[in-house]
Amino acid sequence: MRRFPALLTLLLAAVSSDLQAQSRSPVFSRDILPVLQESFAPLLERESGLELDSWQALMAGSDYGQVVIPYDASSSLLMRLSTELDPSDPLSAQAAAIDPAELALVREWIQQGAPNDEGIVAFADATNLLYACIEDAATVVVIDMDANMIIRTIDLQSLGFTADAKPHHVAVEPDGSAFYVSLIGDDVILKFNRRNELIGQTSFERPGMVQLHQNQDLLFVGRSMKAVNPPQRIGRLVRSTMELEELDVFFPRPHALTIHPDGQYVYVGSLAENRFATLDHEAENLELQSLEGDTHTLVQFAISPDGRTMVVGGQLTGLLLIFDISEPSAPQLTHQIKVGAAPWHPVFTPDGAQVWFGNKMANTATVVDMEARQVAAVIEGLAQPHGAAVSPDGRFVYLSNNNLNGAYQSRYTWRGETLPGAIAVIDAESQAVLRMLEVGPNPTGLGTK
Amino acid sequence: MRYGPLVLLIALVGCSTSKTTLETMPVCPPEFRQEVYPFAVIGSDGSALNHPFFGGFNLPRPQFADIDADGDLDLFVQEVTGYVKFFENTGTPLEHEFVWRSDRYEGLDVGEWFRMVDLDRDGDLDILAETPYSYMRLFRNDGTPEAPAFTTMIDSLRGADGSPLFADRQNIPTLTDIDCDEQLDLFIGRVDGTVLRYESIGNDDHGLPRFSLVTQRFEDIEIVNQFMSLHGANALVFHDVDADGDQDLFWGDFFEPGVLLIPNTGTCAVPNLRNEPIPFPISDPVKTSGYNAPIFADLNADGTEDFLFGVLGGAFNPHRSSVENFYFYSTTQDDLELRSTTFLQGIDVGSDSYPIFADLDADGDEDLVVANKISETNFDTGQVYYFENLSESGTVQFQKQGLLPFTGHFHFAPAFGDLDADGDLDMLTGTWNKGMLYWRNEGTAQAADFVQVENMTVQLTRGSNSSPVLVDIDADGDLDLFAGESSGDLNFFRNTGSTEVPSFELVSDKFADIDVGRRSVPRFADLDQDGDYDMIVGREFDGVAVYLNVGTAREPTFEASGTLDIRMPVYGVPALVDIDHDGDLDLFTGGISGGLLFFRNTAR
């Protein structure tokens, strides 16, 4: 039997349940495990590393990631294999053979959190969380960065938002107590607590990138592309009250957005002009800086942990621009590195030694050595990588893959035209892609605390 | 002492000093009538502008349709969200003559885009439009081809399964019968460069057309691969450009400086658009700032469709196309000929036009000065245009004379007044973020020579977009200074100097606790004819706020008194002047689109 990871054991938490409730609900060892072993096992033959001899083993997933997502039956691989396989997939015959009553029982159990016999729900105390916006599914998935598995799904439609809500980017409180999600399609910024409960929201036309202020109760919000002429302003939101005011930034389509660690200066880049702005947000004083040469179309900034260096990718030029921001009010462009097509959201490793980002139109990721100011590695095998994040210990890098071009091929053949997205889990040291966590269509922004 | 025109005591006729209705309306609401052709404005090339006060375009989305069934094509242009301007063709099919009729056709709210098409196949044109955000609404024409009458269908347009049809609002869809089966097809470009195709399957029980999804990847078109980008936006239209009986596709894109033709090499019944995009016109492809919205219309009844497009401004700096953004190519025997980059010609200085009147040549009439946000050619500065008043014998006429020599700042916001009592007009100009600059006129009243006095720059305490106005608010004989700003607050600086040497001392940066929302632009005039200055304030949204002075000429007290009953553009900048010399104040306004609107005061 596969060993249940000790770490996962630590992450378990008791969920209150009484005997009466248990008598009504499926019990894992009595009702679910036998069904899995008998009816579902043939469906799971491609899930190497998965063992079905215990609840712990099931929840530890396979070499590819989770098999069950607590509370989300429809996104759990177990159920998808049973109901969504294309007839051309050889496993579809096994799926068709599953008794509908058994299917309903397993579905019910997952929707109740997939608890063990004691009512414990897996990953309830997970702390190193990565949030990923799944734009075309109107969901946000939560990934445990210790287990590298999807552990929860937040279904925005169940909260009253539209199927086209288009969650785009996410920012997380430093203590993990709350996180914020921009919904491009529904023109709103949401606030959730650590239990994934919606606790606040604020209207904002076409929100895009969101960035937390490091030492003030503020969140800054840029604009997405999705309007003919979105306001030439960014948002400044008070996190505790969700009150928002808008600040002029002069140029059209303010998209790239970050905040200097000193908290005074906000950097904003335009998708339509070859320049960016340095905004002293307290004085509301803004200075423009033009960029020479071809139109870059700045996508997103990242700042080094020491606050002395800022990078931003040029969507059209395939350049990574490096700025010295040791004088935060006046960024100085020091290097331009050719990095391939469409560098998207960059992220620094915690030690500041490397910058990682996806090259959306090359289906690759680039690793830049920030000391040498040169490309250290190019990682193949991705599918329109978009968002980027690093685990707090620096061991793993995560890249969301839009996969609108079908570069990522699922292990399974699913029904319908919609292509799945994926979150790539990459070992930062070996630069090997460890997992492609399959998610709904078009995953975009990532956020960690 | 001479003051600028905005501080002249020109009374509105018919105003009452009653304060009974102050909460909702001005005490003496003037009656304004919008006019696009009030008098002649001569362009820099010596020819009269054919639509001088249409308001300018930055993001024109044009369409032509014979909305009144008189045999010629009328013009509809969307410039801002929700509004469609209507220009009736009063000419002939052979020679068009467009006349402005409305800034909001039939009062319809079209969201970000509209398409005029006979959706219910009853012989008249319906309007399909965006309903915010990113769904589709039908305005069904329940009138006749000659006299349209639109009924707003309350629900979103829905697919065959009953779910609402979604189209990212920055992507402008189009309709045509692509396969000649007499059923309309609906095409929606997507951000990834692919095209959704829906086909009409008739109407539902409420008379709303239903569309069934045919494919998510029409003809495997994927424009995005050519431009290596996914932050896109697009505008589509079909047109049989090669007259071979099938519909070719034209595509404008955020990342495309031109217009792409995807030729249909199939047949009417079996289209084939699996072909490489070709920049259009083929002989000399157009290049703009990108995100072009193409259309075709036969404007001279020669049997061939002319090519027009609006430039919405894409990845290649939309400021470049803030003036030249409505292209018109006419068909010739073998090709297309570029006739104009400004199909409608009016006053248009780019974006965020900022008008003010002043007699800059001391000839006794008010000249027009219009500043902008940023030049369409030099992206490091704004500009200030000068239109000389050449009126004679009661006939008003202005001529564009070019630029005044001010550079180096964005959002110039001029104010004029004689600040040194030498008999000529000096200037204080607001800027985007460098305060208000003082320019002393070291020339003459007839030939100004403005020289900046750098140690007399007046700074705001915070924010940007200072918009000054000079007025003797305390009737002590010198000009005081009010300034609006980006936050919507008002700043009051009292002139504690003299008529010869001004010294502006900040009294309040939140004057009277007035906050009009955003981008405040104050102006003063005696609106209620009681001998003191009242105040109006332009702003981003919600029109012109009115504050009547319920105090005295020496100790003013301003009271919120509603808004002027006119539709102001976004970032409205009012300018009051008695342009027709009938004793009442007429209103001009600048705005985000870079042109001017004119509202004649019809009280007298």
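Predicted model only: the values in this text are computed from it and were never measured. Below, all heavy atoms of this structure are taken into account, side chains as well, without hydrogens, waters or symmetry copies. So that the names make sense, note that chain A is the first sequence line, chain B the second, and so on, each numbered from 1.
- Distance check: A:E284 CD to B:L460 CG gives 11.0 Å after rounding to the nearest 0.5 Å.
- Contact of A:S224 with chain B is not made at all, since no heavy-atom distance falls under 4.5 Å.
- Contacts with chain A were tallied for B:L59, B:V570, B:I172, B:L312; B:L59 has the most, counting heavy-atom pairs under 4.5 Å.
- Of all non-hydrogen atoms in A:S290 and B:D380, the two that sit nearest each other are OG-OD1, 4.1 Å.
- Between B:W432 and A:F250, the ring planes are tilted. Angles from 30° to 60° get that label.
- Considering all non-hydrogen atoms of both residues, A:N229 and B:E112 come closest at N-OE2, 4.0 Å.
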Next item on the list: Apply side chain to side chain contact (heavy atoms under 4.5 Å, CB included) to A:T162 and B:F166, showing your working.
Entry: CA-CA 11 Å; A:T162 69; B:F166 180 87; over 6 Å; no

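- Both the backbone and the side chain of B:F379 come within contact range of chain A, judged by heavy atoms closer than 4.5 Å.
- The number of heavy atoms from other shown groups lying within 6.0 Å of NZ (B:K287) does not exceed 12.
- Other residues, nucleotides and ligands contribute over 12 non-hydrogen atoms within 6.0 Å of the CG atom of A:D86.
- In this structure, no portion of B:N171 lies under 4.5 Å from any heavy atom of chain A.
- Look at A:K226 and B:E130 and you find no salt bridge, because none of the NZ, NE, NH1 or NH2 atoms lies under 4.0 Å from a carboxylate O.
- With no hydrogens or angles considered, no side-chain donor-acceptor pair links A:D164 and B:Y133 at under 3.5 Å.
- Residue A:T295 comes nearest to B:A315 through the heavy atom pair CG2-O, 3.1 Å, listed as atom of the first residue, atom of the second, then distance.
- Options B:R61, B:R519, B:K373 differ in how many heavy-atom pairs under 4.5 Å they form with chain A, and the most are formed by B:K373.
- The minimum heavy-atom distance between B:R217 and A:L404, with the atom names listed, is NH1-O, 4.2 Å.
- Taking OG from B:S134 and CG from A:D186, the interatomic distance works out to 9.0 Å, rounded to the nearest 0.5 Å.
- A pairwise comparison of heavy atoms in A:A272 and B:P318 identifies O-CD, 3.4 Å as the closest pair.
- Neither the backbone nor the side chain of A:I184 has a heavy atom closer than 4.5 Å to any heavy atom of chain B.
- To the nearest 0.5 Å, atoms CG (B:N433) and CG (A:L288) are separated by 7.5 Å.
- Here the straight-line distance linking atom CZ of A:R233 with atom OG of B:S486 works out to 10.0 Å at 0.5 Å rounding.
- With salt bridges taken as basic N to acidic carboxylate O contacts below 4.0 Å, none links A:E245 and B:R518.
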Note to self: Using the rule given for side chain to side chain contact (heavy atoms under 4.5 Å, CB included), can you reason through A:T297 versus B:F316, listing the C-alpha separation, both sets of side-chain angles and the distance that settles it, and then say yes or no?
What the structure shows: CA-CA 9 Å; A:T297 307; B:F316 308 101; over 6 Å; no

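- Ranked by non-hydrogen atom pairs under 4.5 Å with chain A, the options B:R462, B:Q216, B:H411 are led by B:Q216.
- Minimum heavy-atom separation, B:R169 to A:A227: CG-CA, 4.0 Å.
- No part of B:R320 comes within reach of chain A, as not one of its non-hydrogen atoms sits under 4.5 angstrom from that chain.
- By the 4.5 Å heavy-atom criterion applied to side chains, A:D248 and B:N465 are counted as neighbours.
- Interface remark: B:E485 contributes no atoms to any contact with chain A (heavy atom separation under 4.5 Å).
- Residue A:E205 touches chain B through its side chain alone, counting heavy-atom pairs closer than 4.5 Å.
- Judged by distance alone, the side chain of B:Q170 and the main-chain N or O of A:V228 form no donor-acceptor pair under 3.5 Å.
- Listed options A:N285, A:L247, A:L286 were ranked by heavy-atom pairs under 4.5 angstrom with chain B; first place goes to A:L286.
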